Amino acid sequence: MMGDRTVRADLPGRTASMKNWRFMALHAVVAATFIFLLQRYALSASLESALLWALTFGGCAAGLAYAQSNR
């Protein structure tokens with residue numbers, strides 16, 4: 001006799017919420033990395049400028065992912 005092997009979360013929306021936060025952070029990190037590499041190596045920008053653009057685009061990407069997750 002085998003028991004029920006399904007895993008149940010205590011709060012139904014909690015697991016989906018954690019996935020969304022993880023994906024939002026991943027979206028922000030990927031966007032920041034992309035714009036940093038583009039600015040630094042493809043456009044030959046200074047390190048300070050590339051980091052500033054990466055921070056800006058990462059923040060915008062996180063905001064966009066958050067807005068899309070609430071639709």
Side-chain angles (χ1 to χ4, degrees):
M1 293 215 265
M2 302 289 285
D4 187 18
R5 292 185 179 219
T6 59
V7 178
R8 294 187 179 112
D10 292 331
L11 300 172
R14 187 170 174 86
T15 56
S17 175
M18 291 305 286
K19 282 185 189 177
N20 286 339
W21 283 107
R22 182 177 39 179
F23 289 138
M24 283 186 261
L26 179 65
H27 187 78
V29 168
V30 169
T33 303
F34 170 75
I35 201 66
F36 174 78
L37 293 174
L38 179 72
Q39 285 282 322
R40 184 72 177 146
Y41 297 110
L43 301 175
S44 300
S46 67
L47 179 63
E48 293 83 10
S49 176
L51 287 173
L52 183 62
W53 278 108
L55 182 64
T56 302
F57 271 70
C60 290
L64 179 63
Y66 178 74
Q68 289 295 320
S69 72
N70 288 331
R71 290 184 81 183

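Keep in mind it's a predicted model, so treat the numbers as computed, not measured. Throughout, numbering of the chain's residues begins at 1 and tracks the sequence.
- Smallest separation of non-hydrogen atoms from R40 and S46: NH1-C, 3.4 Å.
- One finds the CG atom of L47 at 11.0 Å from the CG atom of L52 (value rounded to the nearest 0.5 Å).
- Across all their heavy atoms, M24 and S69 have their closest contact at CE-OG, 3.9 Å.
- For A54, the side-chain contact (heavy atoms from CB on, under 4.5 Å) partners are A32, I35, F36, not counting sequence neighbours.
- Residues Q39 and W53 come closest through the heavy atom pair OE1-CD1, 3.7 Å.
- Shown here are the side-chain contact (heavy atoms from CB on, under 4.5 Å) partners of L55, two or more places apart in sequence or in another chain: there are none.
- The nearest pair of heavy atoms linking A28 to A62 is CB-CB, 3.8 Å.
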